Asker: 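Sending over a structure as structure tokens; questions will come in a sec.
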Amino acid sequence: MDNTQPQHTNRQYEEDLRGLRAGLLKMGGLVERQIAEAVDALVNRDSDHAREVIQRDEEVNRMDNDNDEQCIRLLALHQPTASDLRFITTGLKITTDLERIGDNAVNICERSLELNEVPQLKPYIDLPRMAEIAQSMVKDSIDAFMRDDTDLADQVIARDDEVDLLNYQVYRELLSYMAEDPHTIASATRLLFVSKYLERIADHATNIAEMVTFMVKGKMIRHVETKKRGT
């Protein structure tokens, strides 16, 4: 009789852990989609699509709340220790980064709606490339978290430099547009914002990857003194 309750508790605990994993995976997949569709709306000047992405952010926020509640429930009811404790507390932080990634996708769509009201300034080449890299970083950082894969996490961190370089290239190019023709300033400024949003998305993915290393190795590698990510 005494053994039945612990067995039930352990079974419920494993189900709750699986639920958290599934929730984080689902949220990660959704924000990946938000990035891709936000940039697609920008490139194709599709205002209706941009509005769909903005509206879908409510689902991202709901998942953020659900995952937070699941983490808190696991901590309160089961008092996990060791690796499970690190997984759950890291999950609490990751869901915040994912929610902010979703916010940046919304920001891209809001700038797209504004840009679609005026003639297109230039072909979009570097911005879709930035989005592709940032989206892959988000996917790989979540995969690294789920698999305790610090090698994959290190690859995500290294890829952040590519996004930073592209952001700098976009900045220099748009600055030259503004210097040559003041009429381009409004559109160029909005595109600078889009580039910055993509850079922030990459920073949030890097945050997740750095947390994976801490979770697995207990080693903090975030260099907050040199670069504050995701602000």
Side-chain angles (χ1 to χ4, degrees), residues 27-64 96-141 156 159-208 227-231:
M27 187 176 181
L30 179 57
V31 298
E32 286 176 49
R33 177 185 172 191
Q34 290 286 86
I35 298 164
E37 295 195 14
V39 175
D40 184 69
L42 171 72
V43 171
N44 294 314
R45 297 174 63 83
D46 188 339
S47 295
D48 288 339
H49 197 178
R51 293 187 187 97
E52 289 173 8
V53 174
I54 292 170
Q55 186 174 9
R56 202 182 299 129
D57 189 55
E58 294 180 4
E59 187 176 353
V60 176
N61 293 336
R62 179 184 57 76
M63 289 182 180
D64 178 34
T96 299
D97 275 293
L98 291 176
E99 190 271 337
R100 290 176 180 170
I101 289 170
D103 286 346
N104 279 293
V106 168
N107 291 339
I108 292 170
C109 289
E110 290 173 345
R111 301 294 79 74
S112 297
L113 292 173
E114 296 164 354
L115 286 162
N116 290 349
E117 297 298 317
V118 296
Q120 186 167 331
L121 177 63
K122 62 182 291 294
Y124 300 134
I125 298 172
D126 289 333
L127 291 176
R129 178 59 183 152
M130 286 179 70
E132 180 183 349
I133 298 170
Q135 185 182 350
S136 73
M137 290 172 67
V138 173
K139 179 183 184 302
D140 287 347
S141 65
V156 172
R159 222 176 300 155
D160 188 49
D161 290 339
E162 297 179 52
V163 177
D164 288 342
L165 179 58
L166 286 168
N167 183 48
Y168 181 65
Q169 290 175 359
V170 169
Y171 171 79
R172 286 179 58 88
E173 182 182 15
L174 291 173
L175 208 62
S176 68
Y177 273 91
M178 290 188 283
E180 292 172 9
D181 183 0
H183 294 96
T184 66
I185 290 176
S187 291
T189 300
R190 290 183 173 95
L191 290 173
L192 283 172
F193 277 125
V194 170
S195 183
K196 185 62 179 177
Y197 299 144
L198 290 170
E199 193 240 356
R200 287 176 177 174
I201 288 171
D203 284 347
H204 285 298
T206 301
N207 283 348
I208 294 171
K227 180 178 182 183
K228 186 178 180 182
R229 302 187 184 278
T231 56

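All values reported here derive from a predicted model rather than from experimental measurement.
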Asker: Please give me the minimum heavy-atom distance between Ile185 and Thr189, naming the atom from each residue.
Answerer: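 Smallest heavy-atom distance, with atoms named: O-OG1, 2.7 Å.
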Asker: For Gln55, does the CD atom sit with more than 12 other heavy atoms under 6.0 Å from it, leaving out its own atoms?
Answerer: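 No.
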Asker: Check whether any side-chain heavy atom of Glu162 sits under 4.5 Å from a side-chain heavy atom of Met130, and report yes or no.
Answerer: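 Of all side-chain heavy-atom pairs linking Met130 with Glu162, none is under 4.5 Å.
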Asker: Work out which heavy atom in Ala50 is nearest to a heavy atom in Ala41; give both atom names and the distance.
Answerer: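 In this case the closest contact between Ala50 and Ala41 is N-CB, 3.7 Å.
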Asker: Does the side chain of Val43 come within less than 4.5 Å of Val39's, by heavy atoms?
Answerer: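 Contact flag for Val39/Val43 side chains = yes.
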Asker: Answer whether the closest heavy-atom distance between the side chains of Met137 and His204 falls below 4.5 Å.
Answerer: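 With C-beta onward as the side chain, the pair stays apart.
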Asker: Atom CD1 in Ile101, atom OG in Ser141: separation rounded to 0.5 Å?
Answerer: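 One finds 6.5 Å between CD1 of Ile101 and OG of Ser141.
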Asker: Specify the closest pair of heavy atoms between Val138 and Ala205, including all atoms of both residues, with the distance to one decimal.
Answerer: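 Val138 and Ala205 have their closest heavy atoms at N-CB, 3.8 Å.
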Asker: Is it the case that atom OH in Tyr171 sees more than 12 heavy atoms from other parts of the structure closer than 6.0 Å?
Answerer: no
Asker: Going from OG on Ser195 to CZ on Arg190, what distance comes out if it is rounded to the nearest 0.5 angstrom?
Answerer: 16.0 Å
Asker: Show your reasoning for whether side-chain contact (heavy atoms from CB on, under 4.5 Å) applies to Asp57 and Asn61.
Answerer: CA-CA 6 Å; Asp57 189 55; Asn61 293 336; 3.5 Å; yes
Asker: If you measure from CD on Glu110 to CG on Asp103, what distance do you get to the nearest 0.5 Å?
Answerer: 9.5 Å
Asker: Quick check for you: to the nearest 0.5 Å, what is the distance between Asn207 atom CG and Arg100 atom CZ?
Answerer: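 Atom-to-atom, Asn207:CG and Arg100:CZ are 9.0 Å apart.
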Asker: With the threshold set at 4.0 Å, does a side-chain nitrogen-carboxylate oxygen contact exist between Asp48 and Arg51?
Answerer: yes
Asker: Hey, are Arg129 and Glu132 close enough for a salt bridge, meaning a charged N less than 4.0 Å from a carboxylate O?
Answerer: yes
Asker: In sequence, state the C-alpha distance, the side-chain angles, and the governing distance for Arg33 and Arg56, and then conclude on side-chain contact (heavy atoms from CB on, under 4.5 Å).
Answerer: CA-CA 10 Å; Arg33 177 185 172 191; Arg56 202 182 299 129; 3.4 Å; yes
Asker: Side-chain contact test, heavy atoms from C-beta onward, threshold under 4.5 Å: evaluate it for Leu191 versus Leu115 and give yes or no.
Answerer: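 Counting from C-beta outward, Leu191 and Leu115 do come under 4.5 Å.
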Asker: Would you say Val60 and Leu98 make side-chain contact, with heavy atoms under 4.5 Å?
Answerer: no
Asker: Once you round to the nearest 0.5 Å, how far does CG of Leu175 lie from OG1 of Thr184?
Answerer: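 Spacing of CG (Leu175) from OG1 (Thr184) equals 10.0 Å.
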Asker: Where the side chain of Asn167 meets the backbone of Val163, is there a donor-acceptor pair that is under 3.5 Å apart?
Answerer: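 No, because the side chain of Asn167 does not come within donor-acceptor range (under 3.5 Å) of the backbone of Val163.
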Asker: Contact between Phe193 and Asn107 at the side-chain level, heavy atoms closer than 4.5 Å - yes or no?
Answerer: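 Sidechains of Asn107 and Phe193: no contact.
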Asker: Between the main-chain N or O of Leu121 and the side-chain N or O of Ser187, is there a donor-acceptor pair closer than 3.5 Å?
Answerer: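 Checked: no pair found.
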Asker: Salt bridge check: are Glu32 and Lys139 linked by an N-O gap of less than 4.0 Å?
Answerer: no
Asker: I'd like to know whether Leu113 forms a side-chain contact (heavy atoms from CB on, under 4.5 Å) with Ile54, so could you lay out the CA-CA distance, the side-chain angles of the two residues, the decisive distance to 0.1 Å, and finally the verdict.
Answerer: CA-CA 11 Å; Leu113 292 173; Ile54 292 170; 3.9 Å; yes
Asker: Between Ile201 and Ala105, what is the shortest heavy-atom contact and its length?
Answerer: CD1-N, 4.4 Å
Asker: Could you state the interatomic distance from CD1 (Ile108) to OH (Tyr197), rounded to the nearest 0.5 Å?
Answerer: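 These two atoms lie 8.5 Å from each other.
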Asker: Can you check whether Val53's main-chain N or O pairs, donor with acceptor, with Gln34's side chain at less than 3.5 Å?
Answerer: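 Yes, Gln34 side chain to Val53 backbone: donor-acceptor pair under 3.5 Å.
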Asker: Kindly indicate whether the side chain of Leu174, heavy atoms from C-beta on, has any atom under 4.5 Å from the side chain of Lys122.
Answerer: yes
Asker: Please name the pair of heavy atoms, one in Gln135 and one in Ala36, separated by the smallest distance, quoted to 0.1 Å.
Answerer: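 Nearest pair, atom of Gln135 first, then Ala36: OE1-CB, 3.5 Å.
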Asker: Between Leu166 and Ile133, is any pair of side-chain heavy atoms under 4.5 Å apart?
Answerer: yes
